[in-house]
Structure formats: structure tokens, C-alpha cells
2 protein chains.
Amino acid sequence: MKYSKKERQKLLQQTIIDNPFVTDEQLASQFNVSVQTIRLDRMELSIPELRERIKGVAAHNFENDVKSLPIDEVIGDIIDIELDERALSIFDVKEEHVFQRNGIARGHHLFAQANSLAVAVIDDDLALTVHSEIHFVKPVRAGDRVISKALVTGKDDSKSRTFIELTSTVENEVVFAGKFEMYRTKGKGEK
Amino acid sequence: MKYSKKERQKLLQQTIIDNPFVTDEQLASQFNVSVQTIRLDRMELSIPELRERIKGVAAHNFENDVKSLPIDEVIGDIIDIELDERALSIFDVKEEHVFQRNGIARGHHLFAQANSLAVAVIDDDLALTVHSEIHFVKPVRAGDRVISKALVTGKDDSKSRTFIELTSTVENEVVFAGKFEMYRTKGKGEK
DNA sequence: TCAAAAATTAGCACTTGGTACTAATATCAG
DNA sequence: CTGATATTAGTACCAAGTGCTAATTTTTGA
């Protein structure tokens, strides 16, 4: 049985959202209508053609890439940063980050946010975590907004090390704390 | 003055990296050569055509959106486990786990494997990481197969704690080591 | 029930940004 | 000057469309 026009258009819309790479021809055979019908549908719904859709996705990506190249490698959104001094990031805990069984966030997500922030705060092309001591102070749950603060507390230039103290809070309560020892390739300000 | 073939191709490459959305025609006028020359250049450098480039960027984006961080409950495949004793897991490092800049795996992936394993080895409905001290001993790269071993070394039943020693190796070389202090709700064997 | 309206299908010319291929020129180096 | 290399030109063809007209089918309302 064929769908009504409305139903088809609704499904069409969702299908294209799910997979913007689909051609009119594929859609036509999927919905058992002619290519022309699909085109009319797209027009009515103001859905651009395949190439324009792809360009859109790519352009979006590109923009994000350009201005978030350092940030792209980060878990959580960095909202404030002062290189070699401090940094702040937000991470919204969602269903997929918690144990189904008890709704508590898996430790490695909190660590990932912290570790990413520790890497980001270092003013260097390359920063690696060497050592870290961490405390999971209080369970975090889906829906919580975790704010991570990284503070550079010291350096050992001879060993190319930077020391960072990290605290994550939910509504002003500490949930995670850690010390990070990071390795950097170059000293501050070098090029 | 026109560039030499080599110079032009070098610039061409960079130009396309900087802006993959540029057409052959635009490139031709930019370098003051014919469109055909640009096409020959692209062929020699194996640079795909505009649409394929854009599709690549878009597809990359699409994938990355899905896999940017471990969503799965357990990171790595657990291949052997003896509850409350020891456990073993394998994690194959792929391109998406490493820094683009230097090809070294991001620390939180290694931590995630370790942490997942520490949680799994505990014979309890609910285990949480309380404290952890970790060392990133040696850089791990895409293509490496990381084998994590968790060993339960002690317990403090009065505090509901389990202590675990964890070692991750690549081809028998230690790359990551850590001690984990885990919290469990119930004692061993309880139900 | 039957005609008008709405929806669908068909067909054709044209567009972009190419590929694949052939052939003619231009340029440079020994 | 000649042969190799580089460049340009031109043709046919492709995918995935747009834009347009026209025909056919389906639905609906009086």
C-alpha cells in the first residue's frame, strides 16, 4: 500500500535527515513513486537537492573544524581558557554516559572531560598525560551538568612537565578531582 | 610570472586543503593556467574532484558525530574474566582514537578501557571507581592492539572497597599502568 | 455519478563540475 | 634543432539535478 502524500512527505523528511546522502532516485524507489513526485515533494518541503545538502553538511563541518581544531579533540565544551593558566569546560551528562543499572555516570567520561581539558590548557602543539591521580568524589547522573576547572599549578621545564589540578563540580559540589602530570614537547611561548 | 609545475602543484595542494570547496575553474584562473592543466595536476596528486572532496568532508563529519566518544558501556572486548580475581580485554586503537597531529592515542581511551575492565571484574551489580592513580608509560598509536589485564589485589569489606592493579600492554610492552580503588554495594557472593 | 481539482507521471532541454580520451601547440633542455 | 615535457583545446559522456510543459490518474465534492 502506498502512503498518502502527507505521510510520504513526513517520512521523506525524516529519511533525508537520517541520511542526507540519499538521491531522489533511491527515494523514489523506496516510496514507490516516480522521481518527479519526489522532486515536487522536496520543493514543497523546501528540501535542497543532494549536492546542496552534502555541501551544507560539509560546510558546517568545515567551519567547526576551522575554529575548533583544538577544541574538536576535547570532550565537553570549553567555555573559557587562558593558556598555561586555567581552563573551564562544560559537559552535559546524557543517558548514554551512565550505567543503565543505576544511572550513575561511568567514570571514564568524567576522566575524558578532565583529561581533555588538561591537554587543552597547555599552550603547546603536543601535550600528553604522563601520570594522574584521581578521585571520584560523588556520583554523577544523567542530566547533570559537570563543570571542570583546570588550574596549572607548576612546571618543570627541564623535564618538560606541567602540573595541573583539576576539579569537576555539579551545582557547586565537587564530584571529581585529580592531579595531572603532563608532558609537552615545547616550552611556553616557543615556536 | 607563472609558477613552475612543481610550485603550482604544491600551492594547489595547499589551496585545496585550505578550501576543499574550490572548483577547477577557480583554480585555473587563480594560477593562470587552463582548466585542463589543473585536472592533470589533480590527477598526478591524486586529488579527487570537488564533489568527492565535499562528500568526504561531509561523511567524515557524519561519522565523527557518531563515534567521537565511547558511547558503549564497555570499552574494549573482554576476552577472559574470573570474577573478583582477574580479567583481560582487548582494544584495537583506530584512527579516531588518536590525535590527528601526532598519531598518539588520547589518554582517555586507554583509561576508558582500563576503567571498564576494573568495573567488570568486580562481582557485583554496581561498582564505582573511587580513586585511581595511573601512568601513561608509552605512547600508543593507531593500529596497536592494547591488552589490558586487571588483577584484584585486595579488599576492605568494612568499607566495601576492592583494589585492582591494572596493566595495559602492546606487544608485551607496558603502555599504561594503574591502581584502582573501587566501591561496591554488596560483598562478594552476596545476592 | 461526473466534472473539476489535486496529485502523479512523463519527457525534454539545460546546468554544474566534472571524467576520459585524443590531438594540437608551446616550452625547455641538451 | 630536435625530442621530451608541459600545456591547452576540444569532444563525448556522466550524475544528479532544475525548469518547464503536458498528459494521465486519483480524489473529492456537489
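Chain letters run A, B, ... following the sequence lines, proteins first and then strands; every chain starts at 1.
Ionic pairing of A:Arg184 and A:Asp84 is present here: one or more N-O contacts between side-chain nitrogen and carboxylate oxygen are shorter than 4.0 angstrom. Electrostatic pairing of B:Lys179 and B:Glu133 does not count as a salt bridge here, judged by no charged N lying under 4.0 Å from a carboxylate O.
Contact annotation: A:Ser34 reaches the phosphate of C:dT9 (side-chain N/O to OP1 or OP2, under 4.0 Å). Here B:Arg39 does not reach the OP1 or OP2 of C:dG17: none of its side-chain N or O atoms lies under 4.0 Å away.
B:Gln26 places a side-chain N or O within donor-acceptor distance of the main-chain N or O of B:Thr23, the cut-off being under 3.5 Å. Formation of a donor-acceptor pair under 3.5 Å by the A:Glu173 side chain with backbone atoms of A:Val170 is not found in this model. Formation of a donor-acceptor pair under 3.5 Å by the B:Gln9 side chain with backbone atoms of B:Arg42 is not found in this model. With hydrogens and angles ignored, the 3.5 Å screen pairs no side-chain donor or acceptor of B:Arg141 with any backbone N or O of B:Ile104. Although no hydrogens or angles enter the test, the distance criterion places a donor-acceptor pair under 3.5 Å between the side chain of B:Asn19 and the main chain of B:Phe21.
The nucleotide whose nearest atom lies closest to any side-chain atom of B:Thr23 is, among C:dT9, D:dT8, C:dG17, C:dG17. If you check C:dA10, D:dG10, D:dT7 against the side chain of A:Gln36, the one that comes closest is C:dA10. Taking only side-chain atoms of B:Asp24, from C-beta outward, the nucleotide of C:dA7, D:dT7, C:dG18 with the closest atom is C:dG18.
Whole-Å rounding puts the A:Lys55 NZ to C:dG18 P distance at 10 Å. In this structure, the CD atom of A:Glu52 is 10 Å from the P atom of D:dG17, given to the nearest Å. Computed from coordinates, the A:Phe21 CZ to D:dA15 C1' distance equals 16 Å when rounded to whole Å.
Contacts of residues 41-50 of chain A with DNA chain C (heavy atom under 4.0 Å): none.
For C:dG17, the base has a donor-acceptor partner in the side chain of B:Arg51 [N/O atoms by modelled type, under 3.5 angstrom].
Between B:Glu181 and B:Ser132, the side chains place no donor N or O within less than 3.5 Å of an acceptor N or O (distance only, hydrogens not considered).
Summary for the helix from C:dT1-D:dA30 to C:dG30-D:dC1: the axes at its two ends, each from 5 pairs, differ by 10° when rounded to the nearest 10 degrees.
In this structure, B:Phe91 has its ring center closer than 6.0 angstrom to the ring center of B:His97.
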